[in-house]
Amino acid sequence: MTGYEKPVRVKVPAYHVGDVKAEVKLAYAIDLFLRGVVSLGRAAELAGMHIYDFIMELRRRGLFAFSYSEEEIREELGI
């Protein structure tokens, strides 16, 4: 553990299946990213994932890594 980490205790139901540590890290990273506290790259790093996999996980959850207005999309596409 580095000086930048803080241990946290989380109660998990006995019937839970999966890697709790990885799921908590991912949930925390997503929360920080969505609140604008960290960048997309930093969130992926906190989750222990490649940035592409983090983006795909966001999409799987119905979330988006990038938010563009209609005007920005039109400008980017040149229409």
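All values derive from a computational prediction rather than experimental measurement.
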Cationic N near anionic O, under 4.0 Å, Glu71 to Arg74
no
Do Phe33 and Leu46 come within less than 4.5 Å of each other through their side chains, counting heavy atoms only?
no
Is Val12 close to Val24 at the side-chain level, that is, under 4.5 Å between some pair of heavy atoms?
no
Treat each ILVMFWY residue as a node, draw an edge where side-chain heavy atoms are under 4.5 Å apart, and state whether Leu63 and Ile51 are in one component.
yes
Would Tyr28 and Val10 show up in the same hydrophobic cluster when neighbours are defined by side-chain heavy atoms closer than 4.5 Å?
no
Residues Glu45, Val38; criterion side-chain contact (heavy atoms from CB on, under 4.5 Å); working and verdict
CA-CA 10 Å; Glu45 185 180 307; Val38 297; over 6 Å; no
Note: Arg42 and Ser39 closest approach over all heavy atoms is N-OG, 3.1 Å
Is the shortest heavy-atom distance from the side chain of Met49 to the side chain of Leu26 under 4.5 Å?
yes
Under the rule for salt bridge (Lys or Arg N to Asp or Glu O under 4.0 Å), what residues qualify as partners of Asp53, not counting sequence neighbours?
none
Leu34 and its side chain to side chain contact (heavy atoms under 4.5 Å, CB included) partner, picked from Asp31, Val37, Leu32, Ile30
Ile30
Sequence neighbours excluded, which residues qualify as salt bridge (Lys or Arg N to Asp or Glu O under 4.0 Å) partners of Arg59?
none
I'd like to check Ile55 versus Phe64 (side-chain heavy atoms, cut-off strictly below 4.5 Å). Are they in contact?
no
Could you work out, with salt bridge (Lys or Arg N to Asp or Glu O under 4.0 Å) as the rule, every residue matching Glu23, not counting sequence neighbours?
none
